[in-house]
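Step one of this worksheet: look at the structure below.
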Protein chains: 2
Amino acid sequence: MGDEKTELYVPSPRLPPRKGLPPFEALRAFDAVAQLGGVRKAADYLYRDQTVISRHLRTVEDWVGAKLIVRTPSGSMLTEQGSQYHKQIAAAIDAIAAATADLVKRGDTGSLHIRCMPGFALHWLSRRLGSFEESHPGFYTVHPAERRPDFLSFDADVEIRFVAGYNHESEPPEEFRSSLIVHSPVLAVASPEYLARSAPIHEPHDLLQHQLLHEESFDRWRNWLGSYQVKDAADLTGPRLWQGHLTLHAACQGRGIALANYVIASEDLAAGRLVDVGADKAGFQPQAMGTYYFIAKANRWDSSLIRRFRDWLTDAVRADFPNLKTS
Amino acid sequence: MGDEKTELYVPSPRLPPRKGLPPFEALRAFDAVAQLGGVRKAADYLYRDQTVISRHLRTVEDWVGAKLIVRTPSGSMLTEQGSQYHKQIAAAIDAIAAATADLVKRGDTGSLHIRCMPGFALHWLSRRLGSFEESHPGFYTVHPAERRPDFLSFDADVEIRFVAGYNHESEPPEEFRSSLIVHSPVLAVASPEYLARSAPIHEPHDLLQHQLLHEESFDRWRNWLGSYQVKDAADLTGPRLWQGHLTLHAACQGRGIALANYVIASEDLAAGRLVDVGADKAGFQPQAMGTYYFIAKANRWDSSLIRRFRDWLTDAVRADFPNLKTS
DNA sequence: TCACAGCGGTGATCCTCCGGCACCAGGAGT
DNA sequence: ACTCCTGGTGCCGGAGGATCACCGCTGTGA
């Protein structure tokens, strides 16, 4: 500090001080509200909590010192000043977005090796990947993953994994990084025909009298029943089909009751091929949960291709399943 | 969570997903580097550490997945892609800045009551306020502050205060908020004429033989000498001029040695009217420090006018005294 | 008319990212 | 060789962003 006593007096020969911009996230929130006409709508759009948008709006208004927004109990509108301001802001944001997207596409060369569980690949990813390639051209290969994580021979760029439980904090050791994609309830599903011709099901315990479709081991059903306090599920029987999507397929054909998460079952449920056995039944209320995780090598976590795929994936899942928790 | 088992399957009826923009601060850093041709230059311009800019650049490049910048030991240049990208980004940033500045000026109505110490008002603020009014039209009044903080009768909007010491953590109680403007060394200054005709000064202790110019009390000199381990300064004598700028004026006239911080003395030092008594003398090396603080009522801290004045003030001080610490 | 479903706002809390400091590595100009 | 310039890393503290839980308000329909 003693060497700072220089005598020079600098009479401010400064550049144009291009400074003092309002926080950018606040501007994005303002833009979304302006477009959609409501704080909550904007929040949904940006995948943020409504309170965040509310605060951002106040930040912008405080910053510029002008009233930009009229809040009403039925939504939010812009004032005259706000409308003018929004026009310019929106144009600038669009320009940045366009320029960035342009550059991102131009630089696309790499290929992405995706490994995921067969059910997810079959029922969700395969049909969705097309839309990713549209906006992010490149080459992508999908490789079904084994049930047991095998991080030692991690030959893929990214992996999508479903694990039972809600708070699954046991992260893969070092070197890898993972982030949550979505929580999904684990449902017992069967075809309407099967249910029509079988004994009625009122509570979880009744399932023990039914044909349960298993994957590799009996543990999944055992744990699931355990979460509903069904204790005497020690020795289960039934066909073992080794993989989740096979049990789902068998259930569609009326061969029994399968366990499936909502993400891979929703299509069959919506089409009526499958029914949630526990739907509208009090005893099934606190449903067992599972979680999809996104996994990649830590040192490539922020690389362009992986981050874009991750963003796309989480957005697409959120868009398809807005009623599932993603945090 | 139990009520979330609705069966609806939503096939993504989403808006244009205007998402995935790179962090805005990183774009601003990229813009600055592109304009100025160097990381450190950009850092100076944005009042940031050089490392921040470096990281921001890496962030942008990782984000878009393209090489935008060529780092050389003599500066940084843009690649072809980088140059193209910068054109669009810069235009957008300028648009946002212009729109914001426009709106801010339009909404300018209030007046700002500034209270600060006489020395700072006389030697720095009065000449600078003009440039603030240029870019931020409005009405401003300056009122000299007493030495002792009087927060009970705080009739001004903002106050600028100089306190001795480096880490002065004793904040005004509640209701008020303060932020650091700049650290400044506290120098012993005298006119060349005075020094020429007086006993030579080799180390701080020699000052005891000189005519010391005091403000309200002898404490400032006593503490200052104490910071140089001069113990026998119990009973000091000399004229008491009550206010700092008066002692400075007296020192210019050769009436003795005054204590002054660099901010208010720099002009006289540069002009040769005053000399730093301790300049280039080893015993004066670890200089006593003082700090300028910006103070305002907490609930108005982020109001447009106050925040703009605060930003302008800190920027202007930093521009005038780039060699003083501001954090 | 009263419960309810929208709307936006507030307080407290968590945590990620930005920013700073200390230090390192490498080339350029004496 | 020594110094000064350039940019880059490890580490850590703090601000702002995001969330949860909750509130107050208004319009609406049983």
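To find a chain, count down the sequence lines: A is the first, B the second, and so on, and within it residues start at 1. The shown structure was predicted, so the numbers you read here are calculated from the model rather than taken from an experiment.
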Using only side-chain N and O atoms of A:Ser54, determine if any of them is under 4.0 Å from OP1 or OP2 of C:dG8.
-> no
List the steps and the verdict of side-chain contact (heavy atoms from CB on, under 4.5 Å) for A:Val263 and A:Phe162.
-> CA-CA 10 Å; A:Val263 170; A:Phe162 184 81; over 6 Å; no
Measure the spacing between OG1 of A:Thr59 and CG of B:Asp302 and express it to the nearest 0.5 Å.
-> 8.0 Å
A:Ile53 CD1 to C:dC7 C1', in whole Å, measures 15 Å
Check the distance between D:dG17's C1' and A:Trp63's CH2 and give it to me in whole angstrom.
-> 15 Å
Could you say whether B:Ala26 or A:Thr51 is positioned toward the 5' end of DNA chain C, judged by the nucleotide with the nearest heavy atom to each?
-> A:Thr51
Would you indicate which nucleotide in C:dG9, C:dG19, D:dT9 comes nearest to any side-chain atom of B:Glu25?
-> C:dG19
CD1 of A:Ile89 to CG of A:Asp94: how many Å apart, nearest 0.5 Å?
-> 11.5 Å
In sequence, state the C-alpha distance, the side-chain angles, and the governing distance for A:Tyr45 and A:Ile53, and then conclude on side-chain contact (heavy atoms from CB on, under 4.5 Å).
-> CA-CA 11 Å; A:Tyr45 174 53; A:Ile53 312 298; over 6 Å; no
Could you write out each protein N or O paired with an N or O of nucleotides 25-30 of chain C at a distance under 3.5 Å?
none

For B:Leu36 and D:dG7, give me the distance from atom CG to atom C1', rounded to whole Å.
-> 16 Å
Between A:Arg307 and A:Asp311, is there a salt bridge with N-O shorter than 4.0 Å?
-> yes
Round to the nearest Å and state the distance from A:Asp62 atom CG to C:dT10 atom P.
-> 11 Å
Atom CZ of B:Phe24 to atom P of C:dG19: distance rounded to whole Å?
-> 12 Å
C:dG8 phosphate, OP1 or OP2, under 4.0 Å from A:Ser76 side-chain N/O = yes
Tell me whether the OP1 or OP2 atom of C:dG19 has a side-chain N or O from B:His56 closer than 4.0 Å.
-> yes
Between CG of B:Leu180 and C1' of D:dG14 the distance, given in whole Å, is 15 Å
So which nucleotide from D:dG8, C:dG19, C:dG9 ends up closest to the side chain of A:Gln50?
-> C:dG9
Between CZ of A:Arg48 and C1' of C:dC15 the distance, given in whole Å, is 14 Å
Within less than 4.0 Å of OP1 or OP2 of D:dG7, is there a side-chain N or O belonging to B:Arg71?
-> no
Matching residue for A:Phe294 among A:Thr314, A:Ile181, A:Leu180, A:Val317 - test: side-chain contact (heavy atoms from CB on, under 4.5 Å) | A:Ile181
Does any N or O donor sit under 3.5 Å from an N or O acceptor when you compare the side chain of A:Arg55 with the base of C:dG11?
-> yes
Look at the side chain of A:Thr72 and the base of C:dC7, then say whether one donor and one acceptor between them are separated by less than 3.5 Å.
-> no
Check: B:Arg58 side chain, D:dT9 base, donor-acceptor under 3.5 Å | no
Side-chain donor/acceptor of A:Ser76 to backbone N/O of A:Val39, under 3.5 Å = no
Between A:Val52 and B:Leu57, just flag the one whose closest nucleotide in DNA chain D comes earlier from the 5' side.
-> B:Leu57
